[in-house]
Amino acid sequence: MKKIIHVDMDYFFAQVEERDFPELKGKPLGIGGPNGGRGVLCTSNYEARKFGVKSAMPTSLALKLCPGIVLVKPNMHKYQKASEQVFKVLEQFSPLIQKVSIDEAYIDVTDCELHQNDAVAIARDIRSQILQETGLTASAGVSYNKLLAKIGSDLFKPNGLAVLRPQGIAEKISHFPISYILGVGKVTQEKMHQQGIYTFGDLQSYSQLNLINMFGDFGTTLFNYCRGIDHREIITSRERKSLSVERTFGSDISEESELDVKLLNLFEELKNRLSQHADKKIKNIFVKIKYFDFTVSTIETSIALNYMNLKSLFNKRYRLKNDPIRLVGLGVRFYCYENRGQLELPLEYA
Ligand code: TTP
Ligand code: MG
Ligand code: MG
């Protein structure tokens, strides 16, 4: 049997702001804004949630529900940094990590030798190391598959830890609402409610064939999930982390105007290739230069992708040497999440 931990940061963006501005603590806080009431919220702290404030809610509605809410503009750079620190902690426990979004991941610790391979002790350690590294709390679920680990991390939020063991699991989870199942959205919930299905236990009373008749292929998944059965593997980082184009010239080039033309062509090529990856967010851009003597130099930074920026990166490096150039490469590095479904940032801030 596997040992899976699902880790999810508590009210992530809002918690980062509370950490950095302690005077916000204890007040209802929404991340989004601006103050005029336009736009939608990325998230809110738990004080604001008491008023019914939710992620993706229009700011104007949040202000109606909770007139005292403090609104802070998102600072993605800070959240990305905290996110990277969190994933670095996880990497110390196992190489089998599936990042699901900016603030959550599955980690397979079946073969982790720390804490005598006790997954609960490992989860405690992960949470305390995350707190130490970032000053932020995370919640975790410990179980033997992804479904139950994920449900577990939500059970005692914020700052909670839940363990779901296999003995008698179908009975133990029978009171869980169907909304705990990933993939059961509003429409499916409505359909289930019409049939009198509200909990895992209600689903358990249907045959597999019945569920297939009602929900198509998803019926089989439902039949398994409502009993706590889930055979999905952890999907580790297989996705594209960067994209680059490069060109080796017929003969080495040192003429600036000639290099300009080549750079511009390469930039167009890069943009073309990128159009097939429109769903990905660019983290860094980089330039690679190989000189006539085969020495290679690269420079990378986190500025917007445009020709001016690439050209100035290129110049910065090239001016150091001014040697004839054999090859030029341009590229971008992406933010990496194996499953982006969870993070749907309001467009204004994307
Ligand atoms: P979540 O983990 O879904 O939410 P959360 O961490 O704010 O709260 P909790 O886990 O304690 O319930 O999302 C992580 C971050 O992703 C969240 O802080 C802000 C961002 N986000 C958006 O920008 N838009 C969204 O619609 C959602 C759901 C999240
Ligand atoms: Mg979270
Ligand atoms: Mg999350």
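Nothing here was measured: the structure is a model prediction, and the numbers come from that model. Read the numbers this way: they start at 1 and go in the same order the structure lists the ligands and their atoms. All residue numbers in this chain count up from 1 along the given sequence.
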J.: Taking the Mg ion (ligand 2) as the center, what protein N, O or S atoms are found at less than 2.8 Å?
T.: D8 OD1, M9 O, D103 OD2

J.: Run the contact test for Y46 against ligand 1 with a 4.0 Å cut-off on heavy atoms, strictly below, and give the result.
T.: yes

J.: Going by the angle between their ring planes, with limits at 30° and 60°, are Y198 and H193 parallel, tilted or perpendicular?
T.: parallel

J.: Given E246, which partner from the list I289, L270, L327 fulfils the side-chain contact (heavy atoms from CB on, under 4.5 Å) test?
T.: L327

J.: Determine the interplanar angle of the Y307 and F267 rings, folded into 0 to 90°, and report it as parallel if under 30°, tilted if 30 to 60°, perpendicular if over 60°.
T.: tilted

J.: Which residue pairs pass the side chain to side chain donor-acceptor pair (under 3.5 Å) test with at least one member in residues 154-166, sequence neighbours excluded?
T.: D8-K157, D10-K157, R127-N159

J.: Given C42, S101, G160, identify the one with the heavy atom nearest to atom 25 (C) of ligand 1.
T.: C42

J.: Below 4.0 angstrom from a heavy atom of F12, which ligand 1 atoms are there? Numbered from 1 as shown, please.
T.: 5 (P), 6 (O), 7 (O), 18 (O)

J.: Heavy-atom pairs closer than 4.0 Å: do any link ligand 1 to the side chain of K157, the backbone, both, or neither?
T.: side chain

J.: Please identify each residue that fulfils side chain to side chain donor-acceptor pair (under 3.5 Å) with N75, with sequence neighbours left out.
T.: none

J.: For R232, is there any backbone N or O sitting under 3.5 Å from a side-chain donor or acceptor partner on N145?
T.: no

J.: As an exercise, identify every atom of ligand 1 less than 4.0 angstrom from a heavy atom of S55.
T.: 25 (C), 26 (O), 27 (C), 28 (C)

J.: Regarding atom 10 (O) of ligand 1: of the candidates D8, I102, D154, which has the closest heavy atom?
T.: D8

J.: Please check this pair: side chain of Q204 against backbone of A170, looking for a donor-acceptor N/O pair closer than 3.5 Å.
T.: yes

J.: Any side-chain to backbone donor/acceptor pair from Q98 onto I235? Under 3.5 Å, distance only.
T.: yes

J.: Would you say L41 and ligand 1 have an N/O pair spaced under 3.5 Å apart?
T.: no

J.: Before signing off on this row, confirm whether F13 and ligand 1 have an N or O atom pair separated by under 3.5 Å.
T.: yes

J.: Any sub-3.5 Å donor-acceptor pair from R227's side-chain atoms to F223's backbone N or O?
T.: yes

J.: If you group Ile, Leu, Val, Met, Phe, Trp and Tyr whenever their side-chain heavy atoms sit less than 4.5 Å apart, what else falls in with Y46?
T.: Y11

J.: Any carboxylate oxygen within less than 4.0 angstrom of a Lys/Arg side-chain nitrogen, looking at E133 and K88?
T.: no

J.: Looking at ligand 1, is there an atom of it that comes within less than 4.0 Å of some heavy atom belonging to R49?
T.: yes

J.: If the cut-off is 4.0 Å to any non-hydrogen atom of Y11, which atoms of ligand 1 fall inside it?
T.: 5 (P), 6 (O), 7 (O), 8 (O), 9 (P), 11 (O)

